[in-house]
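To keep things clear, I will list the structure first and then write my remarks on it.
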Amino acid sequence: MPTVDTFLPDIIQSTFFSGYTVFNTVVYTLILVVFILAIIKMFKKLEIDPLSIFYSIIPFIFLGSSTRALVDNGVYPKTVFLITPGLYILVGLITILSFLFCICLFTKKGIDYRYSLFSIGIIFSLPNMISFSNVNSTAIIHVILTWIFTSLIFIGLVFLVLYIKNNILDSIDKIDLSKFIAKMKKYKINFSIVLAHLFDASTTYVAVEYFNYSEQHVLPNALNHLFDTYLTLFPMKIIVIVAVLYIIDQYFDDLTIKNLLKLTVFVLGLAPGLRNILTMALATI
């Protein structure tokens, strides 16, 4: 039975628009890789650091996630351009075109492309923001409290690791708190990426444990079946993302590639997290 636009063959709809499977997850990953390679070339040609727009693209992430949440709740129609992967390809193109427009403004008028890009993203997101004027604050509070708690645990673990390294491995009497804070500032991008993924894990955990949602992604479901709890999302996120960031920092010398990969990992954490929390906020009114 058709689930989206009727011009698509049923086999396409059942394969790519009826939840996540191993096959379409691989296909989505390949699409993402193609996008990343093209964007790497763009940043190299422009000679701009991808991390310079790390926070500027947050409104565009909200645009994609909030649109998907509005589709989930029947506010917007379920069409090929408003659900995965069509929606994120569309928002990705809008973001790239907006970025190139801002670069032109920067070149000709000297307007900081970071702020103009953020502003354009806000303008695009305004219609969606209006649609979220009436939401269930209970779901939001559940997520925020869970996220804060797990984030504090992660920061505590980082502090503990540094303490063990200094006191046991390096035989230093105490860890300097100011140095710890300085190290956090130095790696603020990495911290932001991990926290974004903990936010995603928090939204998924709250959704399935308290609001009777079901997880669609392959790996979290496998872990839940193995351990019979979605609490496994949090250590999984920390282990996987920290490992990915370590590999990026240690084995990628090209700064553009390294920073674009970090930007991509950040988006992959924040986007589904925002979609989840906004979907719950509307659906549980």
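The shown structure was predicted, so the numbers you read here are calculated from the model rather than taken from an experiment. Atom set for the values below is all heavy atoms of this structure, side chains included, hydrogens, waters and symmetry mates excluded.
- The two residues Leu117 and Ile57 make their nearest non-hydrogen contact at CD2-CG2, 4.1 Å.
- Under a 3.5 Å cut-off, the side chain of Trp147 and the backbone N or O of Ala196 do not form any donor-acceptor pair.
- Here the CD1-CZ distance, from Ile53 to Phe60, works out to 9.0 Å after rounding to the nearest 0.5 Å.
- Taking Ile, Leu, Val, Met, Phe, Trp and Tyr as hydrophobic and joining them when side-chain heavy atoms fall under 4.5 Å apart, one finds Leu37 in a cluster with Val33.
- When all heavy atoms are compared, the tightest approach of Leu51 to Leu263 is CD2-N, 4.5 Å.
- One finds the OG1 atom of Thr264 at 11.5 Å from the CD1 atom of Ile257 (value rounded to the nearest 0.5 Å).
- Pro272 approaches Val267 most closely through the heavy-atom pair CD-O, 3.9 Å.
- Residues Tyr76 and Ser131 come closest through the heavy atom pair OH-OG, 4.3 Å.
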Next on the checklist: Go through it in stages, so that I can follow the logic: the residues are Asn128 and Thr67, the test is side chain to side chain donor-acceptor pair (under 3.5 Å), and I'd like the CA-CA distance, side-chain angles, deciding distance and then a yes or no.
Outcome noted: CA-CA 7 Å; Asn128 288 3; Thr67 300; 2.9 Å; yes
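- Residues Leu97 and Tyr88 are members of separate hydrophobic clusters, defined by side-chain heavy-atom contacts under 4.5 angstrom among Ile, Leu, Val, Met, Phe, Trp and Tyr.
- Two different hydrophobic clusters hold Leu255 and Leu260 under the rule that ILVMFWY side chains link at heavy-atom gaps under 4.5 Å.
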Next on the checklist: Using side-chain contact (heavy atoms from CB on, under 4.5 Å), reason through Asn190 and Asp249 one step at a time and then give a plain yes or no.
Outcome noted: CA-CA 10 Å; Asn190 286 5; Asp249 281 330; 3.0 Å; yes
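- Each side chain to side chain donor-acceptor pair (under 3.5 Å) pair with one or both residues in residues 56-65, not counting sequence neighbours, would appear here, but there are none.
- A donor-acceptor pair is defined here as one N or O able to donate and one able to accept, closer than 3.5 Å; such a pair exists between the side chain of His197 and the backbone of Val265.
- The two atoms that bring Asn73 and Leu278 nearest to each other are ND2-O, 4.5 Å, heavy atoms only.
- In terms of the ring pair (Phe, Tyr, Trp, His ring centres under 6.0 Å) criterion, residue partners of Phe234 (sequence neighbours excluded) are, by chain and number, Tyr205.
- Here Asn276 pairs with Thr203, Thr204 under the side-chain hydrogen bond (donor to acceptor under 3.5 Å, both in side chains) rule; sequence neighbours left out.
- Here ring-ring contact (aromatic ring centres under 6.0 Å, His included) pairs that include residues 243-265, with residues two or more places apart or in two chains, number zero.
- Asp72 is linked by a side-chain contact (heavy atoms from CB on, under 4.5 Å) to Arg68, Arg275, Thr279, counting only residues two or more places apart in sequence or in another chain.
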Item to check | Verdict with reasoning, Phe106 to Arg114, per side-chain contact (heavy atoms from CB on, under 4.5 Å) | outcome: CA-CA 9 Å; Phe106 175 69; Arg114 296 170 300 174; over 6 Å; no
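- Under the ring-ring contact (aromatic ring centres under 6.0 Å, His included) criterion, the residue pairs touching residues 123-142 are His142-Tyr210, His142-Phe211, with sequence neighbours excluded.
- Note on Leu126: it clusters hydrophobically with Val91, by side-chain heavy-atom contacts below 4.5 Å among ILVMFWY residues.
- Placement of Leu105 and Tyr115 in two distinct hydrophobic clusters is found when ILVMFWY residues are connected by side-chain heavy-atom separations under 4.5 Å, directly or transitively.
- By the 4.5 Å heavy-atom criterion applied to side chains, Ile248 and Val244 are counted as neighbours.
- Each salt bridge (charged side-chain N to carboxylate O under 4.0 Å, His left out) pair with one or both residues in residues 232-246, not counting sequence neighbours, appears once here: Asp200-Lys237.
- Once rounded to the nearest 0.5 Å, the distance linking CD1 of Ile241 with CZ of Phe154 reads 10.5 Å.
- Under the 4.5 Å side-chain heavy-atom criterion for Ile, Leu, Val, Met, Phe, Trp and Tyr, Ile123 and Ile61 are members of distinct hydrophobic clusters.
- Atom NZ in Lys45 sits 14.5 Å away from atom OG1 in Thr256 (nearest 0.5 Å).
- Considering only heavy atoms from C-beta on, Ser116 stays 4.5 Å or farther from Asp112 through its side chain.
- Phe199 places a side-chain heavy atom less than 4.5 Å from the side chain of Ile277.
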Item to check | Full working for side-chain contact (heavy atoms from CB on, under 4.5 Å) between Leu231 and Glu209 | outcome: CA-CA 10 Å; Leu231 284 172; Glu209 294 291 342; over 6 Å; no
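- The closest side-chain heavy-atom distance from Ile31 to Phe35 is below 4.5 Å.
- Applying the ring-ring contact (aromatic ring centres under 6.0 Å, His included) rule to pairs touching residues 40-59 yields Phe43-Phe99, Phe54-Phe266, sequence neighbours excluded.
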Item to check | Verdict with supporting geometry, Met280 and Asn136, side-chain contact (heavy atoms from CB on, under 4.5 Å) | outcome: CA-CA 8 Å; Met280 283 188 288; Asn136 180 5; over 6 Å; no
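- Leu63 CG to Ile58 CD1: the interatomic distance, rounded to the nearest 0.5 Å, is 13.5 Å.
- When all heavy atoms of Leu198 and Ser151 are compared, the pair lying nearest together is CD1-CA, 4.0 Å.
- Taking the side chain as every heavy atom from C-beta outward, Leu274 and Ser66 never approach each other to under 4.5 Å.
- Using a 4.5 Å heavy-atom cutoff, the side chains of Val34 and Leu30 are not in contact.
- Here the CD1-OG1 distance, from Ile238 to Thr150, works out to 7.5 Å after rounding to the nearest 0.5 Å.
- Although no hydrogens or angles enter the test, the distance criterion places no donor-acceptor pair under 3.5 Å between the side chain of Ser52 and the main chain of Ile48.
- For Ser125 (side chain) and Pro59 (main-chain N/O), a donor-acceptor pair under 3.5 Å exists by modelled atom type.
- In this structure, Tyr187 places its OH atom where only 12 or fewer heavy-atom neighbours from other residues, nucleotides or ligands lie under 6.0 Å away.
- Within the hydrophobic cluster formed by Ile, Leu, Val, Met, Phe, Trp and Tyr side chains joined at under 4.5 Å, directly or through other members, Phe149 is accompanied by Ile153, Leu157.
- A search for side-chain hydrogen bond (donor to acceptor under 3.5 Å, both in side chains) contacts involving Asp254 returns Lys44, not counting sequence neighbours.
- Thr107 pairs by the side-chain contact (heavy atoms from CB on, under 4.5 Å) definition with Ile103, not counting sequence neighbours.
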